[in-house]
Structures are given as structure tokens and as C-alpha cells.
Amino acid sequence: MLNKSFEPAEAEPRLYADWEGSDAFKPSGEGAPYTIVIPPPNVTGSLHMGHALNNTLQDVLCRYQRMQGRSVLWQPGMDHAGIATQMVVERQLAKDGNEDRRAMGREAFIERVWQWKEESGGQILNQLRRLGASCDWSRTRFTMDEGLSAAVVKVFVQLYEEGLLYKDKRLVNWDPQFETAISDLEVENKEVDGHFWHFKYPLENGETYEFPVAFDDAGEPTEWETRDYISIATTRPETMLGDGAVAVHPSDKRYAPIVGKKCLLPLADRYIPIIADEYPDPDFGSGAVKITGAHDFNDYQVARRNDIPMYVLMDSKGRFVDEPHVPEAYRGKDRFEVRKAVVEDIDARGLLIQIEDKKIMQPFGDRSGVVIEPMLTDQWYVNAEELAKDAIAKVEEGATRFIPDNWSKTYYQWMRNIEPWCVSRQLWWGHRIPAWYAPDGSVYVAETEDAACAKAEVDHGAGVALTRDEDVLDTWFSSALWPFSTLGWPEATPELAKHYPTNVLVTAFDIIFFWVARMMMMGLHFMKDDNAAAVVPFPEVYIHGLVVDEKGQKMSKSKGNGVDPIDLIEKYGADALRFTLCAQAGQGRNVRVSDQRVEGYRNFSTKLWNAARFAEMNECAAPADFDPSSAEETLSRWILDEAGRCAEDVAAGVDGYRFNDAASAIYRFAWNVFCDWHLELAKPILQGPDGPQKDEVRAVTAYVLDKILALLHPFMPFVTEELWGARAARAEHLVVSAWPTADDFVSDAAAASEINWVIDLVTAVRSVRAEMNVPAGAKIEMVAIAPSSETQTCLGRHKDLVGRLARIETFSDAAAPPKGAVQVIHGEAVFALPLAGVIDAVAEKTRLEKETVKIEKEMGGIDKKLANKKFVERAPAEIVAEQKERREAYSARLIKLKAAIEQLADL
RNA sequence: GGGCGCAUAGCUCAGUGGUAGAGCGCUACCUUGACAUGGUAGAGGUCCGUGGUUCGAUACCACGUGCGCCCACCA
């Protein structure tokens, strides 16, 4: 006996343990493999709504494919998340009053991180279980695992040997808080209120030139002033100390007289050249740009092509260095302190022209939140431009397809303008770069120290002492290998052979660049088929939206509007949360989460539960070998027909990644067709005398309910599994049972139209009753007016149903409607409801006239069309015919309406 | 500066070259033997604007307006 309601808190852990215990999530059987690799959550992470959406969708796909008989592997795992994890552990050390990582030393610190990982890392995997994720947990991988680390080393070495990975000294985005380089993608450019400081750089030897200050309409100068300086402007005054030149555009006549001369770099008291370069925009600012090669990406380019010296101003923490080119007063000070001091000192020398308020785009580290400083350092780079070629081509060819397709444009745009990928990080937690240096600085890249040694000895003789590169790799370097490293590569494992390439990647658009693009590059470069052709890691990439709050605002920690999925699971159950996410996962749309919505879908699962209780108390059970095509009752054939269409819609939705369509198809069928109509229509039979008719309806009801459980299972795995198990003794869990196919249903248009006739009649009568304020409980009489033989037959067969659902006490026939009766026009049939004494003639007349007006308006529109020669000539014949049919139907109804109104006049 | 997306009922969103839909909310009625986490009925829409294509446009195209997002080195 089913309980009064479903208790997710009790049932979910039990059901999940059952699934795992029965190895339901392991790939099995002879079916074609179906593989998804999970976007590995950070080991430091906890489940947020984005994860909930992402993993629910993957789970829907996996459960659906598993039921289709595929050998499904949903490969789980976690990312070591270099910066994030190091930060967490460092904070913890500080909090506990321990010595910091530098004091501890590298080895002890890393050991500490591992310890942290074992104790508190990866709680997100348990949270994914609570969500119902059907990952094969026995295969859980971690990017710092031995196997995955081996893959990283192999890839690094091979890319190096192929010349696709190299060490270079160039400007890099430097995070002064974490004291590491980061890649372009880890920089967030934000608009902030800043200033534009205009300085004078005096010309050498007191030289002067005539600078135009007023122009006529033709743009010719009309007024000049004599200047002994060049005016520059900057948003970062402190960097002036590193200026190597001032540049102007070669076409800029204003500065032509002084190009090639020198000006004084104030404060630094150096003379720097005034050069001509294409870079400055004469129309912006003063048209003259200070060139700080070591601290600005544009200036770096200018400095390089003009051979301008670059002065490194800051250390790894953003403090000014103790070097001769930095005036003593600024040494050791923080960059923002220096900024303030520089402005004051320039002003004190009378060289500050003005300070403008200005919105500026400023780069911030995405993890640290501090202002990023361009720094000139040695780093390792991947030649992404080269690797991107094939990755672009494969998408162009359609070997990998984005869904929705417009994301391919985003992908192309980035890939076609890709910059070298800085992969080294000055951190300790991560894959240490497999490069060793000889005392003279020459570098040896190899998979092991021994191999590096062997190489070095060729150049340096035996016994050369090597030191290993201190740096680790970008976290995304190992993530890029995820689709094949998790399957065992570089070993030739059976899993790799079976499950690579994967079938689809499911992710949000915010990591297309970070992850999708890089997996494409690495996958194509390292994974080849038997003919040595590159294999894409996934033929499809489904990009879903972001989860936003009920107001459409992006959920974020800083806004504090985040909703914890675990809270919702505890409040409403995992099924309700999952269904909410699926029902809103329309392509190209964000998903809004609100309690109200989740509550609504919790109600849906309750509804289903109660339908099952109803089935149970009516002893509905389907024989194991039940053959739907053997069903004879019209009601049976109708619901089997409806169920078949629902099954098609759900499958089409999931196949097409239209999760919202799939969810609404099953929702509508289960609630609005099965519960609202089938169960109601079945009641008279189920509660009537025993016999073959009742047996069949019981069997069909149970059978269709089971199909609903199956169709709903990918979306609401828990409640469906619970009901599946509770309703009958079964050989297997629902999670591994078969997905319903067309053969499981019948297609019967005649049955469909007959039952729909009944449904429409009941609805029409109810509507009239409500409008006429007939008390809901009142039983009334219904008179069929001159019924056709079809009407007689149909009504005759379903009198019980109509009587029960429309509350009709007695049925009769008459040639003409009795006086004072309300008329229900239903297709070609007219029914009268004699409500004498109850009827409000005026209200009834109003009701009928309202519809008359509506129909006349519709007919007017159709007539206009049909009178249009062009329409009749050019519109497709079936459209014209359709319009004529509609007109006839309206016309017939109108006649009946008018007759009914006429009849009221007698009252 | 480039690129992408969105605009349909009070709200959140489906949708289709010919007849406008759902959920929630709202209104009225209903404790009917599965379910009040429910049932029945109902109100509610210039489908952003303008122009074009078409016999016909909410849908296709162009422009405009408004909103959102991503990328980008204007010092």
C-alpha cells in the first residue's frame, strides 16, 4: 500500500544506493556505446545552480540512452583547480595560525594540499549524487591522478618536440596577489571610474616648436602657440617611470618638427626620444603616446619594432623595484602608492596639465580580483594558432556541431584571433613543468628527470646538475585532455577504444574558450583513428544557458542572490528541482529558478503519486505479457494512442536537445490527459461490475502508468523508480528497463476521435453549467435534439461517462428543444439542457450572442479571403479548401446558435 | 570597435506563412471515495515600431527602438 505521499528525504538516498549497488550506472550490455565526460567540477567546489542544470541535462541524456539500450558511460571526475585550491589551503593555513607555504616549503605544502583534498575536497561529487547523477563513480578521475598526470607530461613533451610549445620572454598578464602569470582568459576587463592625467614632458635643451591650437573649417591651423614640451596623457601615471620614448603618428603634422628630438622624462630624469610610429591615433588625447614597453601590451609592440628600451618597474607583488632606473623615492612602494606620489611630484614640478575623470577598462584577475599588471617575464606558451587550424576546420566541416548553432560563431571568432596560450603558472599546486635546466640555462624537456639528464649529458658531459623548472601548468592544460585522459590515454585501454570519441559535450557558454576550444585542439592533435586521421573529441556540443534568479539576474556570490540547489532538494525533492531545470532549458534561454516554480513541479510528482495510489486501490495491474494491440475498449485504444504520441514527443525532444519540449510533453500527458481524463473516464468501469471490460481497463491503466514512469524517469528518476518498484514485483529497476517505443502503443484515429467527442461534449456542458450558475452538485437533464444516428450511437455508448462527468441525470431525445432550455451545440449535434426555473434567459441570450458575434467576425474574415481572386488563384488548393470547410462549419454552428436565440424570444 | 541574442497574456516563456498557446498569478464555484501539493469554469493579447516580400506576416527580410550578453590594446 502506497503511503499518502512521496517522501523524497527518505526515498532518495535509498533509491540511489540501490542503483549504485546494482551497478546500474556502469556501462553494460551489447548496445552501442554512449559516452559523456562530465565537465569536471573544481575539487574545492560545492554544488551551485549552474552545476545542477548542467548535470541534470547530462543525466537526462544518460538515463534516456541507457533505457534505449546503449552502453552508457558518464565519466565523472574533478579538476585540481590550481589557483583556487592553493588559495583555499593557504587561507586555511593562515586561519589556523600555521606557517605559510613559503616557510613550509614546496613538498610539505603540496602534501598539505593532498591532505586537504582527501579530507574536504570533492564534496561536490556527493552533492551530484543527491541530484541523482548517474555517473559511473567507480571510474572517478582527478586531473592530478597518476594516469592523468602522465598524459599531461606526454602532451607537454610532444608539443615541445613538435615546436608547438616553447618558452618565451614577452609581456604577460601578471596577478600581483597570487604572483603568477595568468592567461588572457583569466583576465576580466571591467569598466571603472578612472582618471586621465595629462603631463608635460619638456623638450631637451629648452627647444620649442609651434603647436597649432585653432583651426578653420578646412582643418587648416589658424592659431599657434609656442611650446617647449610635448603633452602626453595616461591612465597609469606610475608607469611613466618606465617610459622609453614618446610616439606620435608619422602623419601628424603638429609634431613633425620635434620627431627625432628628445624630451625629458620627468622624475626619472632621463632623456627619451620622440619617435614616429603608426600606433598613436592623432585624434585621441594629445596624439602623443608615452611608450612603456615593459608594462603595456601596445607599447610593447611599439617598443619592439622601434628598438626602444624596456624598463621593468615592478616586482612580483607590484612593488617598485630597487633598480637604478627607478628613482629612490619610489623603490619598494606599491604601484598605487607610486601612482599617487608620481602625480603629486609631477604637479610639484608644474608639469601636470590637467586631470580628467574618465571611464576606463581595467583588467582584473578573475580569481584574485586585483588589478592585473602586464609584466615582462619568461613563460611557457602553446602555439594555439597552429592547433586552432584543425579545430576550426572540424567545426566548419560539421564534424563537431554546436547546438544551438550560433555558438559556432562565437567559437570561430575567438579561434580565428587566438593568441599564444600562456600555460605556465608560478604556483605549487599543479602539474610541474617537465623541463630541466643545466647550469648554463639550457633547457631539457623530457618525460622524466633521467631522460632529461641523458639529453643534457650529450651537451654537458656526465654528471651535469640539472634543476627542474619551478612552475606548474595552467589547470586548463590538463582539462583540455579530459575526454581521452580519463579513459586511460596514453595507455591503449579498452575504455578508450570503446568510449572515445564521446557523444556529446554539455556545457554553458562561459567555458567555450576555456575548455571546449582547448579540448578540440588537444583532442584533434593527439587522438587519431586507424587511418591516422584526427578524431574530434565530441561530434556535438550542447550549450545551455545560465541559471538566473526569478528576476533574471545572474546568480553570483557578490550579489548574494544565489540559491543553493541542496536547499531546494531538501525542500521539494531532487525530482522537482530537476524538472524545473529541464522544463525551462529552452535553447538559447537562461533558466530562471524560483521556489514557486520548483514547488509547482513538486506538485506534479505528488499528482503522479496519487494517480498511482488510485491505480493501486482499483487493483490496476498489467500482466507481464500484456499486449497493447489486444485492447478492445475505445477508452483503452484512445489512451494508448495518446500515450504513443507522448512517447514520440518526449523522444524527439531529448534527441533534439529540446529538454523543455520533452518535459512539457510528459507533463501534459501525465497530468492533463492521463489524470484529468483517462482516470476520470475509467472510473465508471473500474468502479462497476467485474468482467472482461473492467479487467482490460485495469490492465491498460496500469500499463500506461508504467509507460509514464518510464518516459518521466530521465527527468524525475526518484519518484518514478519508487513507484515502479512499489507497484509490482519487477525483474529490474526502472533505471535499466526499456524505453517505450512505438510498438508499445497503438495508433487508432477512430478511438481518438470518439473519446475526444465525449471530452468535448463534457467540457461544453460544464462550461454552460458554470456560466448559467447551475450548482455544481445539481444533476440535470439533457435532451438530444433530433439527433443523427451517429450522435445517437456515440452518446449511447458513453452515456455513463457523460452523465457522470457532466452531471447529467437523465437523457432523452426530442424533435425540437423544449422551452426555456439552454442549448449546447456540439459539432453537428445540439443538446438542450432544460433548466426551467433556473435559467436566466437574458444571460443565456448574452452568452449565445457573444459567440454569434465572434463567429460572424471569423466568417467575415474568411469571406473576405475567399472573395479575393488572388487568394483563390494563388494560395495552395488545400488552404483554400480548408478555409471553405471552416466557413461551412461556422455557418452550420451559426444557424444553430440563431435558432437557439430565436427560441429564447418566446420566453 | 567587432560579434551574439532577446522583445507574444499581469509574470515567466512555448509557438506557427492562413484558427494565438502553456505554467504561474488572478476571478468564481466545488471538502464529488486518488490527489485542496486538488478539481471545474473563466477573464486576460495592436504577438515592440516602421517599411518590404507575399494572395496572406506574430512568424520571412531590412531598418529603427529598447533590453541583455560575449570579445577587444584607444594611450
Side-chain angles (χ1 to χ4, degrees), chain A residues 2 4-6 171 184-185 189 196 232-236 239 247 279-281 283-292 296-302 360-361 363 374 404 406-407 409-410 412-414 417 509-510 512-513 545-546 550-552 554 572 576 583-584 586 588-590 592 594 596-597 599-618 658 660-661 664 667-668 672 675-676 679-680 683 687 762-763 766-771 773-777 804-805 807 858 861-862 864-865 868-876 879-880 882-883 886 890:
Chain A
L2 287 171
K4 179 107 178 143
S5 65
F6 180 60
L171 269 197
D184 298 343
L185 286 177
N189 291 301
F196 206 30
I232 59 94
T234 178
T235 56
R236 296 190 298 151
T239 64
Y279 164 62
D281 174 0
D283 296 327
F284 184 80
S286 69
V289 183
K290 62 191 268 308
I291 300 301
T292 321
D296 182 282
F297 286 98
N298 291 310
D299 295 3
Y300 177 71
Q301 299 298 338
V302 177
I360 55 170
M361 292 298 283
N406 60 291
W407 291 109
K409 290 187 185 166
T410 304
Y412 290 141
Q413 203 203 339
W414 190 68
N417 298 294
F509 57 78
D510 52 351
I512 291 178
F513 306 145
L546 300 178
E550 64 265 64
K551 290 177 202 129
K554 200 167 161 178
Y572 302 108
Q584 290 190 87
R589 278 220 184 251
N590 288 341
R592 287 191 195 222
S594 65
Q596 191 187 42
R597 194 102 190 202
E599 188 183 348
Y601 292 122
R602 187 274 319 268
N603 295 353
F604 174 53
S605 89
T606 305
K607 183 77 182 177
L608 188 72
W609 185 266
N610 281 301
R613 290 179 72 216
F614 174 81
E616 183 184 53
M617 60 183 69
N618 284 282
R658 295 190 314 276
N660 55 330
D661 286 354
S664 73
Y667 181 95
R668 185 177 315 247
N672 303 116
C675 290
D676 288 352
L679 294 184
E680 294 305 322
K683 276 177 186 172
Q687 290 159 7
V762 168
T763 306
R766 282 172 173 171
S767 175
V768 168
R769 289 178 59 120
E771 276 190 60
N773 292 315
V774 178
R804 181 184 177 113
L805 298 179
R807 304 232 146 207
E858 284 291 332
I862 297 172
K864 211 170 141 192
K865 267 187 201 172
N868 182 346
K869 269 186 197 162
K870 283 183 178 172
F871 171 71
V872 180
E873 280 166 21
R874 298 192 196 176
I879 294 292
V880 178
E882 192 185 305
Q883 294 296 324
R886 281 187 62 213
Y890 278 134

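First the proteins, then the strands, lettered A, B, ... as listed; each starts at 1. For the numbers below, each heavy atom of this structure counts, side chains included, while hydrogens, waters and symmetry mates do not. Since the model is a prediction, treat every value here as computed from it, not as a measurement.
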Nucleotide opposite [N] in a Watson-Crick or G-U pair, distances under 3.5 Å:
| N | answer |
| --- | --- |
| B:G42 | B:C26 |
| B:A14 | none |
| B:G56 | none |
| B:G68 | B:C4 |
| B:G33 | none |
| B:G49 | B:C63 |

Listed nucleotide nearest any side-chain atom of [X], set [options]:
| X | options | result |
| --- | --- | --- |
| A:Y667 | B:A22, B:G23, B:A34 | B:G23 |
| A:E858 | B:C74, B:A41, B:A20 | B:A20 |
| A:R602 | B:A34, B:C4, B:U37 | B:U37 |
| A:P876 | B:C35, B:C55, B:C69 | B:C55 |
| A:I879 | B:G18, B:C6, B:G5 | B:G18 |
| A:M361 | B:A72, B:A75, B:A34 | B:A72 |
| A:R874 | B:A14, B:C24, B:C55 | B:C55 |
| A:S767 | B:G2, B:A41, B:G18 | B:A41 |
| A:A776 | B:C30, B:A34, B:U32 | B:C30 |

Please round to the nearest 0.5 Å and tell me the distance separating atom [atom1] of [X] and atom [atom2] of [Y].
| X | Y | atom1 | atom2 | result |
| --- | --- | --- | --- | --- |
| A:L608 | A:N603 | CG | CG | 12.5 Å |
| A:R668 | A:D676 | CZ | CG | 11.5 Å |
| A:N610 | A:L2 | CG | CG | 9.5 Å |

> Is the A:F284 ring parallel, tilted or perpendicular to the A:F196 ring (thresholds 30°, 60°)?
Replying inline: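 If you compare the ring of A:F284 with that of A:F196, the planes turn out tilted.
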
Please work out if [X] contacts a base, only the sugar-phosphate, or nothing of the nucleic acid, heavy-atom cut-off 4.0 Å.
| X | result |
| --- | --- |
| A:L546 | nothing |
| A:F513 | sugar-phosphate |
| A:T763 | sugar-phosphate |
| A:G545 | nothing |
| A:P280 | base |
| A:D281 | base |
| A:F284 | base |
| A:R589 | sugar-phosphate |
| A:K864 | nothing |
| A:P363 | nothing |
| A:D676 | sugar-phosphate |
| A:Q413 | base |

Quick one: [X] [atom1] to [N] [atom2], roughly how many Å, whole number?
| X | N | atom1 | atom2 | value |
| --- | --- | --- | --- | --- |
| A:K409 | B:G5 | NZ | P | 6 Å |
| A:R613 | B:G33 | CZ | P | 13 Å |
| A:E599 | B:C24 | CD | P | 11 Å |
| A:K870 | B:C55 | NZ | C1' | 7 Å |
| A:N189 | B:C74 | CG | P | 8 Å |
| A:N868 | B:U54 | CG | P | 14 Å |
| A:Y890 | B:G18 | OH | P | 15 Å |
| A:R597 | B:U37 | CZ | P | 20 Å |

> So, A:N417 side chain and A:Q413 main chain: donor-acceptor pair closer than 3.5 Å or not?
Replying inline: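 Side chain of A:N417 to backbone of A:Q413, a donor-acceptor pair under 3.5 Å: yes, one is there.
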
>> Keeping A:R807 on the side-chain end and A:R769 on the backbone end, is there a donor-acceptor pair under 3.5 Å?
In response: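 Answer holds: no.
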
> Can A:Y667 and A:Y601 be said to form a ring pair (Phe, Tyr, Trp, His ring centres under 6.0 Å), step by step?
Replying inline: CA-CA 9 Å; A:Y667 181 95; A:Y601 292 122; 5.7 Å; yes

> Any side-chain N or O of A:R769 under 4.0 Å from OP1/OP2 of B:C29?
Replying inline: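 No, because none of the side-chain N or O atoms of A:R769 sits under 4.0 Å from OP1 or OP2 of B:C29.
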
> Looking only at side-chain N and O atoms, does A:N603 come under 4.0 Å of OP1 or OP2 in B:G38?
Replying inline: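 For A:N603, the contact criterion (side-chain N or O under 4.0 Å from OP1 or OP2 of B:G38) is met.
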
> How far, in whole Å, is B:C60 from B:G18 if one measures between their C1' atoms?
Replying inline: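 To the nearest whole Å, 15 Å.
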
>> Taking only the P atom of each, what is the distance from B:A9 to B:G21 in whole angstrom?
In response: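 About 14 Å, rounded to a whole number of Å.
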
> Run the salt bridge (Lys or Arg N to Asp or Glu O under 4.0 Å) check on A:E680 and A:K683 step by step: do they pass?
Replying inline: CA-CA 5 Å; A:E680 294 305 322; A:K683 276 177 186 172; 3.0 Å; yes

>> Is any side-chain heavy atom of A:N618 closer than 4.5 Å to one of A:Q687?
In response: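 The answer is yes, as the side chains (C-beta and beyond) meet within the 4.5 Å cut-off.
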
What about [X], does its side chain sit under 3.5 Å from the base of [N] through a donor-acceptor pair?
| X | N | result |
| --- | --- | --- |
| A:Q584 | B:A14 | no |
| A:K607 | B:C35 | yes |
| A:R766 | B:U40 | no |

